[in-house]
Amino acid sequence: MASTAAGCSTWRLFCPFTHPAALCSNGFVVPVSLSRRCASKPAPQRCKSPKRSNFRPTPDSTHDWVGPPNPLSNLRPIVYHISENETELEKRVRCLRQETEDWNHKFWTEQNISFSKEKDAFIISKLKAKGLSIRDKQGHRHSLNSEEMAVFYKSFLDKNRIRHANYNKEWYRRNFTITLLMAQVTLHKAWQRTIKRWSAASKT
C-alpha cells in the first residue's frame with residue numbers, strides 16, 4: 001500500500017506559489033494572499049516564453065491572475081502583473097517566473113501523459129494474462145486491485161527516479177534564483193523610498 005501511495009505522488013497536483021483564491025465568472029481566480037501581487041496592464045515589455053492563454057485582466061488590476069488547472073499538467077496557468085514602471089530587474093524576475101511556469105507545465109504534461117499510457121498498457125497486459133477483456137459484458141471496465149497496481153507504481157517510480165531527481169534539482173535552482181532576485185527588488189524599492197524620504201526631509 002505504501003508503494004501505491006508513492007506511485008500516486010507522480011501526479012503532481014501542486015502549483016508553485018499557489019494560494020487560496022476566489023473563483024471569478026471568467027474562470028480565472030485572484031489569489032487571496034497579497035504576496036501574489038499581479039495581473040496585468042498592457043506594457044511594451046514581454047517575455048519570450050510561450051503563452052497558454054490569451055486572457056488579459058482589466059487595466060486597473062494590480063495582481064497576478066491564476067486560472068483553472070490545465071487538464072494535462074494539473075497546474076494552474078498564471079498571468080503575471082506588469083507594473084507601469086517596471087524596472088529591468090523586475091522584468092527579469094517576471095520573465096524567469098514565467099519561464100519556470102512553462103518549464104514546469106511541460107515537464108508534468110509529459111510525465112502525466114507517460115504515466116497514463118504506461119498505466120493503461122500495464123492494466124491491459126495483466127487483464128489479458130487473466131483471460132479478461134478490458135470491459136465485462138455489462139460494459140464496465142475491469143480493474144486491478146491495489147496490490148497489483150503497486151507493482152506498476154513502484155516500477156514507474158524506479159524507471160523515472162533519475163528524471164525526477166534532475167527535475168527536483170532544477171526546480172530548487174530556479175526557485176532559489178527567483179527568491180534571490182525578488183529580495184533584490186524589495187531592497188531596491190526600500191532604498192528608493194529611503195532616498196525619497198531623505199530628499200524630502202532635506203528640503204524642509
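These numbers come from a predicted model, not from an experiment.
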Using a 3.5 Å distance criterion without hydrogens, assess whether the side chain of S155 forms a donor-acceptor pair with backbone atoms of V151. no
No-hydrogen, no-angle side-chain donor-acceptor test under 3.5 Å, N166 and E170: no
Name all pairs fulfilling the side-chain hydrogen bond (donor to acceptor under 3.5 Å, both in side chains) condition that reach into residues 127-139, sequence neighbours left out, sorted by first residue then second. K130-E148
Between the NZ atom in K159 and the NE2 atom in H164, the distance rounded to the nearest 0.5 Å is 10.5 Å
Heavy-atom side-chain contact between K119 and Y153 under 4.5 Å: yes
Contacts of N85 meeting side chain to side chain contact (heavy atoms under 4.5 Å, CB included) (sequence neighbours excluded), chain-then-number -> none
Quick one: CG on L144 to CG on L127, what's the gap to the nearest 0.5 Å? 5.0 Å
Is it true that, when you exclude I195 itself, more than 12 heavy atoms of the residues, nucleotides or ligands shown sit nearer than 6.0 Å to its CD1? yes
Tell me whether L89 shares a hydrophobic cluster with M182, the cluster being built from Ile, Leu, Val, Met, Phe, Trp, Tyr side chains joined at under 4.5 Å. yes
Taking every non-hydrogen atom, the tightest pair across S73 and N112: O-ND2, 3.6 Å
So, K91 and E88, do they make that salt bridge, N to O below 4.0 Å? no
From CG (N70) to CZ (R76), nearest 0.5 Å: 11.5 Å
E101/R97 salt bridge by N-O under 4.0 Å criterion: no
Heavy-atom pair with the smallest gap, counting every atom of P68 and P77: O-CD, 3.1 Å
Verify the cluster assignment for I124 and M149: are they in a single hydrophobic cluster under the rule of side-chain heavy atoms below 4.5 Å apart? no
W171 vs T100, test: side-chain contact (heavy atoms from CB on, under 4.5 Å). Steps then yes/no. CA-CA 8 Å; W171 172 244; T100 298; 3.9 Å; yes
Any D102 side-chain heavy atom under 4.5 Å of H105 side chain: no
According to ring pair (Phe, Tyr, Trp, His ring centres under 6.0 Å), who are the partners of F152, at least two apart in sequence or on a separate chain? F115, F122, F156
Is there a donor-acceptor contact under 3.5 Å from the side chain of T177 to the main chain of R173? yes
Donor-acceptor side-chain pairing of E118 and S114 below 3.5 angstrom: yes
Atom CG in N160, atom OH in Y167: separation rounded to 0.5 Å? 13.5 Å
Determine, for E90 against R94, whether the closest basic-nitrogen to carboxylate-oxygen distance falls under 4.0 angstrom. no
Do the side chains of W191 and L187 get nearer than 4.5 Å, heavy atoms only? no
Would you give the length of the straight line joining atom CD of Q192 to atom OG1 of T87, rounded to the nearest 0.5 angstrom? 9.5 Å
When rounded to the nearest 0.5 angstrom, what distance separates CG in N175 from CG in L180? 12.5 Å
Counting heavy atoms not belonging to R174, are there more than 12 under 6.0 Å from its CZ? yes
